[in-house]
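Worksheet: the structure to be examined is printed underneath.
Ligands are counted one by one from 1 in listed order, and the atoms in each one are counted from 1 as well.
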Amino acid sequence: MIEFIKRLPKAELHLHIEGSLEPELMFRLAKKNNVTIPYESVEELRAAYDFTNLQSFLDIYYAGAKVLITQDDFYDLTWEYVLKCVENNIVHTEIFFDPQTHTERGIEFATVINGIKQALADAEKQYGITSAIIMCFLRHLSQEEAFATFEQALEFKDDIIGVGLDSAELDNPPSKFTEVFKAAKDKGFKLVAHAGEEADYSYIYEALDLLDIERIDHGVQSINSPELMQRLKDEQIPLTVCPNSNIELKVFDSYDEHNIKELLDYGLNVSVNSDDPAYFKGYMNQNFINLYENIDLSEADVIELVKNSFRSAFISDELKATYLAQVDAAV
Ligand code: ADE
Ligand code: ZN
């Protein structure tokens with residue numbers, strides 16, 4: 001089964017590029033850029049990755065991102081993730097980035113996007129990996145600040161396929177960002193949002209009805225509303241689920257309690273994603289392997305999860321058909 005998981009071509013739809021910053025690269029960039037990190041060693045830093053909830057992770061994640069300064073740093077960050085894609089047989093990836101995490105520190109929007117973009121272009125050239133970039137607004141900041149970022153993004157409209165919403169979910173509901181999502185839709189951006197990760201399913205309703213999003217990131221709390229489950233099934237709204245993340249951030253106490261199999265068995269369009277793999281103990285394949293080892297995922301389940309990610313990707317119908325045929329061939 002593990003060989004089978006590794007062999008399948010996969011798509012990733014929920015990956016924060018800042019969350020793929022491995023401790024080794026963090027230390028290297030800290031040294032190069034003269035940024036202090038409050039840990040003595042890679043081992044000590046890794047040991048600090050012991051989270052109690054989303055906020056406890058975000059504190060460390062935003063602190064870590066401070067080592068990213070130059071366009072080359074963003075290139076190196078993204079390139080390391082590209083190499084993980086090769087290792088994990090990810091042939092298409094749609095990556096999130098958080099511009100405000102960097103512009104707040106005086107880094108230019110262009111520095112960030114150009115570094116990411118160049119690495120993704122090289123990924124396609126060297127490995128044939130296709131990709132897209134989604135810019136997320138930080139929901140702990142105001143809608144006004146999101147609008148300022150949105151204005152900056154317009155210059156890079158051709159490089160950014162969509163907008164998303166991430167960071168501290170509790171007390172920052174989707175309704176806080178209704179107007180900026182409307183503006184993004186008007187400009188033709190695809191829309192996604194983190195919803196129902198830690199907060200209850202009412203956030204998923206808001207994301208669907210007020211923000212008009214096309215995919216829900218996480219969405220695991222939908223299980224608590226039969227009516228919402230039915231709607232998600234009828235409309236086949238994709239849920240980009242991140243199993244390791246949910247365990248590391250204590251959304252579920254253990255893998256035994258993770259509900260991905262129930263969501264899948266009910267007929268929802270769920271996929272497997274790695275979220276912040278450098279912080280959550282593993283990339284795409286490890287997420288599948290953990291599910292297989294803990295909740296007895298069948299081969300048919302794995303195939304469905306993998307196919308769902310391609311079906312839900314922001315790519316043409318032709319490319320979807322090509323990738324789905326590659327999955328069938330690998331099976
Ligand atoms: N930013 C990075 N990872 C996140 C997550 N799992 N939830 C919300 N915001 C995030
Ligand atoms: Zn996420």
Query raised in the report: Among protein heavy atoms, which sits nearest to atom 1 (N) of ligand 1, and what does the distance come to when rounded to 0.1 Å?
Result: His16 CE1, 3.5 Å
Query raised in the report: Is there at least one pair of N or O atoms, one from Asp276 and one from ligand 1, spaced under 3.5 Å apart?
Result: yes
Requested in this report: Run the contact test for Glu169 against ligand 1 with a 4.0 Å cut-off on heavy atoms, strictly below, and give the result.
Outcome: no
Query - N/O/S from Asp275 sitting under 2.8 Å away from the Zn ion (ligand 2) - result: yes
Report task. For the residue pair Glu227 and Tyr205, confirm or rule out a side-chain donor-acceptor distance under 3.5 Å. Result -> yes
Report task. Just do the side chain to side chain contact (heavy atoms under 4.5 Å, CB included) check on Val272 and Ile260 with the steps written out, would you? Result -> CA-CA 9 Å; Val272 171; Ile260 191 167; 3.8 Å; yes
**Report entry** Smallest separation among heavy atoms of Phe51 and Tyr279, with atom names
**Finding:** CE1-O, 3.6 Å
Query - Numbered atoms and elements of ligand 1 in range of Phe57, under 4.0 angstrom, heavy atoms - result: 2 (C), 3 (N)
**Report entry** Close-contact set for ligand 1 against Glu197 heavy atoms, below 4.0 Å
**Finding:** 5 (C), 6 (N), 7 (N), 8 (C)
**Report entry** Flag for Glu12-Ser274: side-chain donor and acceptor within less than 3.5 Å
**Finding:** yes
Query raised in the report: Which protein heavy atom lies closest to atom 6 (N) of ligand 1, and at what distance to 0.1 Å?
Result: Asp275 OD2, 2.7 Å
Report task. Could you please spell out the steps behind the salt bridge (Lys or Arg N to Asp or Glu O under 4.0 Å) verdict for Arg46 and Glu22? Result -> CA-CA 9 Å; Arg46 271 217 173 84; Glu22 290 286 346; 3.0 Å; yes
Requested in this report: Indicate if the distance from the Zn ion (ligand 2) to the nearest N, O or S atom of His218 falls below 2.8 Å.
Outcome: no
**Report entry** Which residue and heavy atom of the protein sit nearest atom 9 (N) of ligand 1, plus the separation
**Finding:** Ser167 N, 2.8 Å
Report task. Would you sort out whether Ile69 and Arg105 count as a side chain to side chain contact (heavy atoms under 4.5 Å, CB included), showing the intermediate values? Result -> CA-CA 9 Å; Ile69 307 284; Arg105 304 180 285 120; 3.9 Å; yes
Query raised in the report: If you take all heavy atoms of Asp275 and Glu197, which pair is closest and at what distance?
Result: OD2-OE2, 4.5 Å
Query raised in the report: Does ligand 1 have an atom that lies less than 4.0 angstrom from a heavy atom of Phe96?
Result: no
Query raised in the report: What's the NE2-the Zn ion (ligand 2)-NE2 angle here (His16, His14), rounded to 10 degrees?
Result: 110°
